Amino acid sequence: MDNALRQLVLEINRQFASSRLDGHLEATTNGGVISRWKQGHEYRLLLSTLKNCLSSSQELPGDVQMEQLSQPQDLALWPILAFCEPESSIDPEASKSQSKALQSVRSMRALTGQLSIQSGREVWKGPLALKWASEEQSSLILIEGSYQTVTDIESSALDVIEYFEEHNQRVIWILNDQSFYLNKWNSSTLLKQIAVQILSKNGTIKSLRDLALMVERFRAACSETDWFSIIAASLEGFSPVYMVIDLGPLRVWKTQTPSFGIFQQLFDALGKETNAIVKMALFSFYGFQGHVSTSKAPIVRLASQGVRSPSTPSTILGQDPRARNPRTKIGLPLLREIEALIPVPPLWQEPSVGQELGGVAASKHVKGPRDWFQEMESFEKCVDASRKEPDELSPRVKVALLDTGVDLSHPYIAREFQDGRIKCYDFVQDTNTIEDIDGHGTHCSSILAKLAPNAEIYVGRVLVKSQAERNSPATLTRAIQHASNIWKVDIISLSLGFTEDDEDLRDEIRKACASNILIFAAAANNTTNEITPIRFPARMKEVFCIFASNGHGRPSDFNPQPKSDRPNFTFPGEKVEGAWPAGIPTEGSFVRKDAVYKSQDGTSCATPVAAAVAAGILEFAWQERENQIRRVRLLKHYSGMSEIFLKLMVDDYRIGDNSYRYVKPWKLISCYARKDEIPIHMSHITDHIDG
């Protein structure tokens with residue numbers, strides 16, 4: 001075995017051994033920074049597969065071994081490089097989302113007059129920027145601001161990244177997402193991040209041999225010059241490429257000096273070592289001390305307009321702060337239009353399952369399996385095909401979601417509220433006005449609204465914060481009574497639970513279930529070692545106890561153990577995207593179309609998903625058709641809906657099986673199924689239910 005392969009074996013063994021010592025691995029990030037020990041079990045599976053593959057190849061003759069290891073692999077191999085020491089790595093998409101969320105929070109502060117809002121896009125109108133973008137050669141531009149224009153500097157970097165992405169250009173970036181790691185990293189660690197980003201997108205690491213050669217270089221790199229050469233080699237076939245670097249978070253600790261020189265040296269080195277066209281834009285609100293603007297490295301300065309005086313009238317509440325300063329559309333010339341790039345999934349996402357080496361992540365050139373939400377498109381299309389305006393014979397399904405409230409100012413929620421599809425009541429304050437100072441209810445409400453697009457949704461506030469108070473069971477009891485008797489809902493979604501049973505609440509839930517209301521409740525998170533791991537009311541036999549899975553059916557690690565006396569249904573509850581109040585800054589939130597969103601994990605995320613599926617089934621069942629579903633009323637009873645889940649939407653159901661059951665609604669209701677056969681299958685189930 002040559003030295004490169006030996007280095008690869010050592011590196012994989014090191015990562016695999018330390019991953020076993022780390023125990024439970026959570027797929028979470030700190031802003032845009034992710035560590036190998038925060039990877040999920042899929043990454044450990046990748047390491048194990050590569051370890052076994054290399055071990056078996058060592059028994060082959062040298063020439064056969066080399067031929068085998070040089071064959072392309074259906075694996076995403078570049079993450080091995082990301083977690084070579086030092087192990088922390090930037091996840092560019094997470095970093096961008098976090099940075100956008102920060103921009104959104106600052107925009108909210110502008111509404112109160114605390115910040116001035118300018119347009120960072122103005123810098124792209126000037127001749128220096130146009131010259132930088134249009135030259136058919138590598139070029140460098142420096143965007144300089146001040147403390148007063150820090151928001152404009154950061155938004156300008158974000159805007160130009162999104163502009164290049166919209167036009168399918170190759171773009172690499174390092175942004176300010178307030179990750180505390182960044183200002184403590186040395187220059188070599190930062191240069192490694194650029195190399196990894198390039199390698200993750202250019203697809204040059206196709207075989208174990210390619211990986212071995214690059215791992216050898218990563219492990220041997222001990223200077224900035226070494227990393228310059230690695231980045232130059234990574235750019236092979238990856239031209240032109242835009243590099244957008246915000247120097248704000250990269251200042252040397254305590255000295256407040258931006259790490260400008262290292263990137264200028266990188267730019268100069270790439271000009272000597274590669275023919276790739278590199279367009280580098282450096283942003284700094286500290287300025288570029290000691291540098292004089294030149295034709296090769298021009299400085300474009302953002303003018304400071306200062307912080308708004310407290311005496312200045314603030315913006316009218318509800319007005320978009322950008323309405324005062326219309327944003328200039330970026331119109332930079334592009335060297336060439338590149339074919340749409342295949343997106344590379346973030347490191348923490350569930351990888352696709354491969355075919356050849358025991359089910360590890362497929363490479364970006366191999367089409368992976370669709371996740372639950374993608375497959376649900378066929379379910380929604382089938383339900384929508386027969387949808388009509390609601391009437392007495394085919395009414396809307398009514399769903400109540402009882403949680404921490406809802407943010408009616410969120411653009412997505414506001415639209416549904418104005419259309420009359422979302423109705424609200426605050427049971428904590430006993431008022432028709434509602435708010436959400438926690439975010440949990442807004443997140444769950446948006447999930448339900450998106451996945452049940454034709455249902456009437458009644459949002460009730462029963463908790464102030466995610467942590468229950470002493471009177472919370474009594475408040476929830478009143479809310480369920482109101483949902484049953486006044487709202488007359490068909491389904492109740494409860495992404496909450498209590499450690500102790502409450503007699504009055506139990507009685508009210510039983511009354512609701514007896515009135516043919518389906519109730520879904522979250523099982524719990526990370527409670528396996530508690531005396532009663534499943535929370536109340538999810539542990540009631542009349543209630544659907546909802547567990548979580550990832551988008552490909554693997555039960556979530558935070559689930560309680562499945563019960564032996566009931567079905568244990570799982571729905572997606574990992575990285576589920578939902579609306580988030582803009583006034584509640586939180587790690588992991590991001591901005592899309594001027595609204596804040598967040599991806600969260602938990603059985604509480606899976607619960608509105610399950611409720612939405614039940615709403616879709618009821619809507620389909622109530623539609624007029626030649627072959628009506630017999631005894632359709634039983635679908636509003638626990639026994640009827642659970643039998644539909646178990647026998648028509650779950651793989652390999654066996655009576656008495658107490659394992660987790662991953663519900664796939666498209667197995668029954670799908671635009672690819674014969675619509676005249678679906679009611680027959682459902683009638684066969686309802687015909688054999690007592691009641």
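For reference, positions follow the sequence shown, starting with 1. In what follows, every heavy atom counts, from backbone to side chain, and hydrogens, waters and symmetry copies are set aside. Not measured: the values here are computed from a predicted model.
Summarising the geometry, atom CD belonging to Glu380 is positioned 11.5 Å from atom CD1 belonging to Ile669; distances are rounded to the nearest 0.5 Å.
The pair Arg6-Glu11 does not meet the salt-bridge criterion, since no charged nitrogen lies less than 4.0 angstrom from a carboxylate oxygen. With salt bridges taken as basic N to acidic carboxylate O contacts below 4.0 Å, one links Glu530 and Arg535.
With sequence neighbours left out, the side-chain hydrogen bond (donor to acceptor under 3.5 Å, both in side chains) criterion links Gln264 to no other residue. Ala610 is linked by a side-chain contact (heavy atoms from CB on, under 4.5 Å) to Phe520, Ile546, Phe571, counting only residues two or more places apart in sequence or in another chain.
A cation-pi arrangement is present between Arg592 and Tyr597 under the rule of less than 6.0 angstrom and at most 45 degrees off the ring axis. Under the 6.0 Å distance and 45° angle rule, Arg170 does not count as a cation-pi partner of Phe164.
Taking the side chain as every heavy atom from C-beta outward, Arg661 and Thr570 never approach each other to under 4.5 Å. Looking at heavy atoms from C-beta onward, Phe558 lies out of side-chain contact with Thr528 at the 4.5 angstrom threshold.
The closest side-chain donor-acceptor pair between Ser229 and Asp226, if any, does not fall under 3.5 angstrom. Inspection of the Ser599 and Lys575 side chains reveals no N or O donor paired with an N or O acceptor under 3.5 Å.
The six-membered or imidazole ring of Trp173 lies away from that of Phe283, with a centre-to-centre distance of 6.0 Å or more.
Using cut-offs of 30° and 60° for the angle between ring planes, the Tyr662 and Trp666 rings count as perpendicular.
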